[in-house]
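A quick write-up on the structure given underneath.
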Amino acid sequence: QVQLVESGGGLVQAGGSLRLSCAASGRTFSGYVMGWFRQAPGKEREFVAAIAWSSGTTLYADSVKGRFTISRDNAKNTVYLQMNNLKPEDTAAYFCAANRRGTTWGNRSGYDYWGQGTQVTVSS
């Protein structure tokens, strides 16, 4: 059974940083694409970043490019999202997701497994 468990959310002031972690278990994830999405109250869940587990190739939403960095630690089976220069509009629940087919990286429909989410709140 695939499990994705997020951690690292919290309250931070604008301009601050947080690092989110996603611990993945239940299978080997080589060949998967791992993604981060976020959902603010009353809004659709939106793509943030993704990384190919094997190659390390990454993709970012324009809104976070240059501020967020996605990475993975193969030994720990963990994916990270380093978030710098946070803005109040980054406030949302952040979800980790796993994509078996490695297609449609930026579309939530391409992801097969989801974590429960971790809340990030950025105060102005």
Side-chain angles (χ1 to χ4, degrees):
Q1 185 76 6
V2 172
Q3 272 199 313
L4 304 174
V5 180
E6 303 96 335
S7 62
L11 173 64
V12 64
Q13 287 189 328
S17 298
L18 281 175
R19 188 177 80 157
L20 305 184
S21 299
C22 171
S25 62
R27 66 169 304 121
T28 301
F29 289 92
S30 59
Y32 275 59
V33 168
M34 305 298 292
W36 285 97
F37 287 74
R38 66 186 181 187
Q39 188 167 17
K43 293 190 176 181
E44 294 285 318
R45 191 170 296 189
E46 65 174 6
F47 171 74
V48 175
I51 186 167
W53 198 283
S54 296
S55 68
T57 302
T58 58
L59 178 70
Y60 294 93
D62 287 344
S63 59
V64 306
K65 208 171 289 184
R67 299 188 299 123
F68 291 11
T69 303
I70 189 171
S71 62
R72 86 276 191 239
D73 184 327
N74 291 344
K76 295 183 178 179
N77 245 25
T78 300
V79 178
Y80 302 100
L81 185 68
Q82 177 67 44
M83 306 185 295
N84 297 330
N85 191 20
L86 282 160
K87 304 175 181 181
E89 51 263 44
D90 295 317
T91 295
Y94 282 71
F95 298 87
C96 177
N99 177 331
R100 288 180 301 169
R101 291 169 294 279
T103 59
T104 60
W105 289 29
N107 192 322
R108 56 187 286 189
S109 66
Y111 290 78
D112 306 283
Y113 306 101
W114 292 84
Q116 292 300 307
T118 185
Q119 179 67 36
V120 171
T121 303
V122 184
S123 63
S124 57

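The OH atom of Tyr94 lies 12.5 Å from the CD atom of Glu6; values are rounded to the nearest 0.5 Å. Rounding to the nearest 0.5 angstrom, the gap separating the CD atom in Gln39 from the CD atom in Gln119 is 10.5 Å. Atoms CG and OG1, on Leu81 and Thr118 in that order, are 11.0 Å from each other to the nearest 0.5 Å. With values rounded to the nearest 0.5 angstrom, Phe29 atom CZ is found 12.0 Å from Asn74 atom CG. For the atom pair Thr58 OG1 and Trp105 CH2, the distance stands at 7.5 Å (nearest 0.5 Å). For the atom pair OG (Ser21) and CZ (Arg72), the distance works out to 15.0 Å, reported to the nearest 0.5 Å.
Within the 4.5 Å cutoff, side-chain heavy atoms of Arg100 are placed close to those of Tyr32. Side-chain contact between Val64 and Met83 is absent, with no heavy-atom pair separated by less than 4.5 Å. Trp36 has its side chain within reach of Cys96: a pair of non-hydrogen atoms, C-beta onward, lies under 4.5 Å apart. Residues Val48 and Phe95 are not in side-chain contact: their nearest non-hydrogen atoms beyond the backbone lie 4.5 Å or more apart.
Here the side chain of Asn77 pairs a donor or acceptor atom with the backbone of Ala24 at under 3.5 angstrom. Arg101 contributes no side-chain N or O that, together with a main-chain N or O of Asp112, makes up a donor-acceptor pair within less than 3.5 Å. For Asn99 (side chain) and Val33 (main-chain N/O), no donor-acceptor pair under 3.5 Å exists by modelled atom type. In this structure a side-chain-to-backbone donor-acceptor pair under 3.5 Å is present from Thr91 to Val122. No side-chain donor-acceptor contact under 3.5 Å links Thr57 to the backbone of Ser55.
Both Trp53 and Val2 are members of a single hydrophobic cluster when ILVMFWY side chains are connected at heavy-atom separations under 4.5 Å. Criterion: ILVMFWY side-chain heavy atoms under 4.5 Å apart, direct or through other members. Under it, Tyr60 and Leu20 are part of a common hydrophobic cluster. Under the 4.5 Å side-chain heavy-atom criterion for Ile, Leu, Val, Met, Phe, Trp and Tyr, Ile51 and Tyr111 are members of distinct hydrophobic clusters. In terms of hydrophobic clustering, with Ile, Leu, Val, Met, Phe, Trp and Tyr side chains grouped at heavy-atom distances under 4.5 Å, Leu4 and Val120 are assigned to a common cluster. Put simply, Leu59 and Met34 are part of two different groups of oily side chains (I, L, V, M, F, W, Y) that touch within less than 4.5 Å, one to the next.
Geometric assessment of Arg45 against the ring of Phe37 yields a negative cation-pi assignment under the 6.0 Å and 45° thresholds.
Atom CD of Glu89 has more than 12 neighbouring heavy atoms from other residues, nucleotides or ligands inside a 6.0 Å radius. Heavy-atom neighbours of Gln116 CD from other residues, nucleotides or ligands within 6.0 Å: at or below the threshold of 12.
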Please test Lys65 against Asp62 for salt bridge (charged side-chain N to carboxylate O under 4.0 Å, His left out), starting from the C-alpha separation and ending with a verdict. CA-CA 5 Å; Lys65 208 171 289 184; Asp62 287 344; 3.1 Å; yes
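Minimum interatomic distance between Ala75 and Asp73 (heavy atoms only, all atoms of both residues): N-OD1, 3.0 Å. The shortest non-hydrogen separation linking Ala40 to Ala92 is N-CB, 3.8 Å. Nearest heavy atom pair, residue Gly31 against residue Ser54, reads N-OG, 3.2 Å.
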